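What follows is a set of notes on a single structure, which appears directly below.
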Number of protein chains: 2
Amino acid sequence: MAISSNNPALSSWIPAPEGTDFPIQNLPFGVFSDAQNPRPRPASIIGNTVIDLCALEELGYFTNLLPAAAPVFSGSTLNPFLQLGKPLWRAVRQRLSDLFNADNDALKNNTAHCAKILFPLENCSLHLPVHIGDYTDFYSSREHATNVGIMFRGADNALMPNWLHLPVGYHGRSSSIVVSGTPIRRPKGQMQLQDGQPPVFGPSRLLDFELEMAFVTGQGKPLGTPINIEEADDFIFGLMLFNDWSARDIQKWEYQPLGPFLGKNFGSSVSPWIVTLDALEPFRTAAPVQEPAVLPYLQYSGNKALNINLSVFIQPEGGAATQICSSNTKYLYWTMEQQLAHHTVNGCNINAGDMLASGTISGPTPNSFGSMLELTWRGTKPLTLSDGAERKFIADGDTVIMKGYAQYPGNGLRIGFGEVSGKVLPAL
Amino acid sequence: MAISSNNPALSSWIPAPEGTDFPIQNLPFGVFSDAQNPRPRPASIIGNTVIDLCALEELGYFTNLLPAAAPVFSGSTLNPFLQLGKPLWRAVRQRLSDLFNADNDALKNNTAHCAKILFPLENCSLHLPVHIGDYTDFYSSREHATNVGIMFRGADNALMPNWLHLPVGYHGRSSSIVVSGTPIRRPKGQMQLQDGQPPVFGPSRLLDFELEMAFVTGQGKPLGTPINIEEADDFIFGLMLFNDWSARDIQKWEYQPLGPFLGKNFGSSVSPWIVTLDALEPFRTAAPVQEPAVLPYLQYSGNKALNINLSVFIQPEGGAATQICSSNTKYLYWTMEQQLAHHTVNGCNINAGDMLASGTISGPTPNSFGSMLELTWRGTKPLTLSDGAERKFIADGDTVIMKGYAQYPGNGLRIGFGEVSGKVLPAL
C-alpha cells in the first residue's frame with residue numbers, strides 16, 4: 001500500500017533548503033520549546049521550521065481525527081500519541097502533509113495561526129521526545145559481532161553458537177538516555193590493566209561510540225502475549241540515530257557473566273526527531289540472507305531492511321569535524337521485526353515509548369565499522385583527523401556526530417534524521 | 001540516631017493479630033483499591049487494616065508536613081512521595097505512628113474520618129506500588145554465585161575474577177514486574193537441548209524462581225554525578241520481596257555474551273508493601289567480611305547487612321504448601337549501599353521509583369539455597385513436596401510463595417514483608 005504523504009512530487013508552502021533532511025515527505029515527530037515558551041511540547045518539522053503540534057491541536061486542526069476526551073499533544077512527551085497506534089499515527093502525518101501542502105493555502109494565509117504554530121528552528125531547543133520506559137540494545141550486525149569476536153576470542157570462535165539463531169540482545173539503562181547536544185561526562189570505574197592483576201579505579205581510558213539506530217514502540221500487548229513477526233510493524237512508530245557510548249575498559253572487566261553494565265549506562269545519545277516507519281517505507285530493501293534458516297517465529301517475507309546512509313564524525317575541541325565512518329542500516333543481519341518478535345515471544349510486554357536499539361552497525365569494509373574499537377582495531381591502527389591528530393579512542397573535548405538519511409533516487413529528495421551529537425567532558 | 005516510630009513499646013488503637021507482619025512499628029507503604037472505590041491509591045497498613053493515605057491527605061492530616069502545592073498521595077503510585085526524599089519519608093511515617101498510637105484517640109474517635117481512611121484488608125486489592133523506571137538486578141550472594149559457578153564452570157573457576165571486586169549486576173526489564181498474586185505464564189523460547197545441536201523452540205522445561213529482595217530508590221543526582229557510599233542510605237526508600245522468575249534453558253542458550261534476556265524478562269514478582277529502610281534499621285547486622293579489600297569507593301563502616309528471615313514455599317494446584325528454603329538477607333556479600341555506590345560511580349543517574357534487586361539470596365547450607373537450580377543441584381536431587389510429588393523445577397499450576405520478616409528479640413514483635421506469590425500458568 002502506497003502511503004500518500006510519501007509522494008515525492010509533494011511540496012510545501014513552508015520554504016525548505018534544497019536537500020533538507022526534513023522535506024514534507026518526512027514529517028518526523030519530536031518535542032521542542034522556544035525562548036518565549038520554555039514548556040516542552042510535541043512538534044514536527046519541515047526544512048528549518050518547527051511545527052507546534054500542541055498549538056495545532058488547540059486550534060482545532062486535529063478535530064475529528066484525534067480523541068476528543070483528552071488532548072494528545074499537550075504534554076511534554078509523545079507518549080500519549082504513541083499510545084494511539086499506527087492508524088492514528090498515519091492519519092496525523094497525513095493531516096500535516098495536507099495542511100502544509102503547497103496547494104493548500106488555508107493555514108498559510110492565516111497569519112495569526114501561523115504565528116502560534118510555526119517557529120524558526122534556530123530559536124528552538126529540542127528535547128528527548130519520549131519518556132522511555134524500557135530500553136533494549138541488540139547486537140544485530142554480523143560484521144560487528146564478528147569483528148569483536150575476532151578481537152576477543154580469535155577468528156575461529158568469532159560468532160557465539162547462538163548468534164545466527166536469534167537476535168542477541170540485552171536490557172540497557174533508560175534513565176541515562178539523553179537528547180543530541182547533551183554533553184557526556186567521561187565515566188570513572190573499575191578496570192583491570194593486566195590480566196591476573198587486581199583492578200584499578202579511574203577515568204575510562206578507552207571511551208568509544210557505537211553507531212546504532214533505535215526504534216520507538218507503540219503500546220504492545222498484555223504481559224504473556226507475544227507480538228508475531230507479521231504484525232511487528234504495527235508496533236514500530238519510528239526510528240532515531242543512537243550513540244551507545246561505551247567504556248571498553250570498564251566493560252571488559254565487568255561484563256562476565258551477566259553482560260554490559262557500567263561500561264554503557266553512563267549515557268546514550270539519541271537524535272531529537274523520530275522519523276516514522278511510514279516515511280521510511282520507500283527505502284525498504286533486502287536484509288542479508290539468513291543461513292542457517294531461522295526458527296519459524298523469526299521467519300519473514302519481503303524486504304525488511306532499510307537503506308539508510310549513516311556517517312560518523314569526530315570534531316575535536318575548537319577544530320573541524322573529520323568523517324571517520326560510512327555505514328548503512330541495510331547491513332544489519334537481524335531486522336527490527338525479528339527483534340520485536342523475539343523480544344516478546346516469551347510473553348515480555350512492551351509499552352508505548354520503549355526503545356529498541358540495533359547494536360553497532362558495521363558494514364563489510366574497514367571504513368564502515370561503527371565503533372573506534374573496530375575502526376582502530378583495538379587501538380592498533382589509530383585514525384588521523386583532519387588536523388593531523390591521532391585517535392585510538394575518544395578524547396576529552398571531542399564531539400562525536402552521527403548523521404543519517406535515506407535518498408530517493410534521482411531527484412535529490414532525502415528523508416533525513418538530522419544528527420545526534422555529544423561532546424565528551426573530562427572525568428570529574 | 002534512634003527512630004522514635006521504631007520503639008518496640010508502641011502499640012496502636014487499630015487491633016492487630018499477635019505476631020502480625022504489620023505492627024505499628026512497621027508502617028510500610030503500598031497502593032490499594034477497594035470494592036467501593038476501584039481507583040488505586042497510596043496506603044499503609046497496621047495488622048489487617050489498610051490505611052488510605054490519599055484520604056488522610058485530603059482530610060488534612062499531613063497539613064504543614066507535605067508540600068501544599070500539589071497533593072502527594074492523590075495518584076496511583078508512590079512516585080511523587082518517593083521524590084520528596086528521606087526527611088519527608090520519615091516525617092510521614094512518624095505522623096502515621098502518632099495518628100494510630102494507642103495513646104492518641106483523636107482520629108480513633110472520629111468515626112466519619114475512620115470510615116474514609118480505614119479498610120479491612122480482605123476487602124482490598126493491592127497494586128504495584130511504584131511506577132518502576134529502571135530495574136537492575138545484582139548477583140550479590142557469594143554462595144549463589146559459587147553454586148552456579150561450580151555447576152557451569154567447575155569448582156576451580158566458580159567465581160569469575162571480577163566477582164570479589166565489584167557487585168556484579170545487569171539491567172533487567174521493568175515492564176514485566178508485577179505485584180504478588182499476578183499469574184505468571186510459562187514462557188516459550190529457544191533452547192539448545194544438546195551441545196552442538198541446533199536450538200528448538202517450545203515452552204521452557206526448566207522454570208525456576210530466584211529468592212531476592214529489591215530496594216526502591218528516591219530521586220538521585222543529575223546524570224554524571226555519583227552517589228557516594230556514605231550517602232547511599234539517603235536514597236534508599238525501602239525494600240520488597242522479589243521473585244526473579246528464570247527460565248534456565250532459555251537463559252543458558254541466550255546469555256553469551258551479553259547476559260540474561262528472555263530467560264528473565266517474561267515476569268518478575270514483588271510483594272505489595274514497601275517496608276521502609278527506617279523500619280529495618282533495628283535489624284542491621286554485619287555483612288560478610290570482604291577479602292580482598294574492596295576499592296575505596298566501595299568501602300564502608302558499620303553494620304550494613306539486614307537480618308531478615310526468608311522462606312520459600314511451593315504450593316501445587318489444589319494442594320498444601322511445602323517450605324523448600326530458609327535463607328536470610330544477611331548472607332549477601334555485597335550491601336545495598338555498595339550496590340548503589342557502584343551503580344552510580346560512573347555517573348549513571350537513578351530516579352524515584354527505580355528498583356535494585358539483590359540477586360538470589362543463598363545461604364551456606366543446602367536448605368538455604370534460593371533457587372531450584374541450586375536446591376535440586378540442576379535437577380539431580382529432586383525435592384519432595386508434602387504430597388509426595390517430586391520437583392526438579394517449577395511445574396504448571398505451582399504457586400511459589402516467598403515470605404520475609406525481621407524479628408525483635410524476645411517479645412515476638414516482627415517487621416514483616418507479607419508475601420510475594422505467583423502461580424505458574426501453562427504455556428500458551
Side-chain angles (χ1 to χ4, degrees), chain A residues 133-134 136-137 139 160-162 165-166 168-176 178 182 184-185 187-190 192 196 198-201 204 223-226 247 250 253-263 265-267 292 295-297 342-343 345-351 354 425 428, chain B residues 133-134 136-137 139 160-162 165-166 168-176 178 182 184-185 187-190 192 196 198-201 204 223-226 247 250 253-263 265-267 292 295-297 342-343 345-351 354 425 428:
Chain A
D134 279 292
T136 297
D137 195 26
Y139 191 55
M160 292 280 184
N162 57 14
H165 295 281
L166 54 81
V168 170
Y170 64 104
H171 299 117
R173 182 84 190 172
S174 297
S175 69
S176 53
V178 295
T182 308
I184 297 292
R185 179 73 63 184
K188 289 178 166 178
Q190 286 195 30
Q192 188 183 41
V200 299
F201 179 82
S204 169
L223 182 62
T225 316
I250 296 172
W253 171 238
E254 74 177 359
Y255 90 104
Q256 290 278 19
L258 300 181
F261 186 45
L262 300 194
N265 66 15
F266 58 91
L295 284 162
Y297 77 95
H342 182 64
H343 202 319
V345 74
N346 68 343
C348 181
N349 55 337
I350 60 159
N351 289 313
D354 287 350
L425 305 180
L428 283 178
Chain B
D134 279 293
T136 297
D137 195 27
Y139 191 55
M160 291 279 183
N162 57 15
H165 295 282
L166 55 80
V168 170
Y170 65 103
H171 299 118
R173 183 82 190 173
S174 297
S175 68
S176 53
V178 295
T182 308
I184 297 292
R185 179 73 62 185
K188 289 179 166 178
Q190 286 195 30
Q192 188 184 41
V200 299
F201 180 82
S204 169
L223 182 63
T225 316
I250 296 172
W253 171 237
E254 74 178 356
Y255 91 105
Q256 290 278 21
L258 299 180
F261 186 46
L262 300 194
N265 66 15
F266 58 92
L295 284 161
Y297 79 94
H342 182 64
H343 202 319
V345 74
N346 68 342
C348 181
N349 55 336
I350 60 159
N351 289 313
D354 287 350
L425 305 181
L428 283 179

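Since we're looking at a predicted model, the values are computed, not measured. Below, chain A is the first sequence line, B the second, and so on; all start at residue 1.
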Contacting moiety of [X], where chain A heavy atoms sit under 4.5 Å:
| X | result |
| --- | --- |
| B:I250 | neither |
| B:V345 | both |
| B:P226 | side chain |
| B:V178 | side chain |
| B:L428 | side chain |
| B:S204 | neither |
| B:L258 | both |

Point to revise | Inter-residue atom distance A:S174.OG - B:D134.CG, 0.5 Å rounding | key: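 That separation rounds to 4.5 Å.
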**Study point:** From CG (B:L166) to CZ (A:F201), nearest 0.5 Å
**Key:** 11.5 Å
Review point. If every non-hydrogen atom of A:Y139 is compared with every non-hydrogen atom of B:P257, which pair is closest and at what distance?
Key: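 The answer is CE2-CG, 4.3 Å.
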Check your understanding: So, the side chain of B:Q190 versus the backbone of A:H165: is there a donor-acceptor pair under 3.5 Å, distance only?
Key ->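 Side chain of B:Q190 to backbone of A:H165, a donor-acceptor pair under 3.5 Å: yes, one is there.
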Review point. Donor-acceptor pair, B:S176 side chain versus A:C348 backbone, under 3.5 Å?
Key: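 Such a contact is absent between B:S176 side chain and A:C348 backbone.
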Pairs of heavy atoms under 4.5 Å with chain A: top-ranked of [options]:
| options | answer |
| --- | --- |
| B:L223, B:D354, B:I184, B:L262 | B:L262 |
| B:E254, B:H342, B:Q192, B:R173 | B:R173 |
| B:P199, B:A247, B:P292 | B:P199 |
| B:P198, B:G172, B:G267 | B:G172 |

**Study point:** Mutual orientation of the aromatic rings belonging to B:H343 and A:F261 [parallel < 30°, tilted 30-60°, perpendicular > 60°]
**Key:** perpendicular
Review point. Sequence neighbours excluded, which residues qualify as side-chain hydrogen bond (donor to acceptor under 3.5 Å, both in side chains) partners of B:N351?
Key: B:Q219
Point to revise | By salt bridge (charged side-chain N to carboxylate O under 4.0 Å, His left out) - contacts of A:D137 (at least two apart) | key: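 For A:D137 there are no salt bridge (charged side-chain N to carboxylate O under 4.0 Å, His left out) partners, ignoring immediate neighbours.
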Exercise for review: Among the options A:G196, A:G133, A:P161, pick out the one with the most heavy-atom pairs lying under 4.5 Å from chain B.
Suggested key: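 Looking at each of A:G196, A:G133, A:P161 in turn, A:P161 comes out on top.
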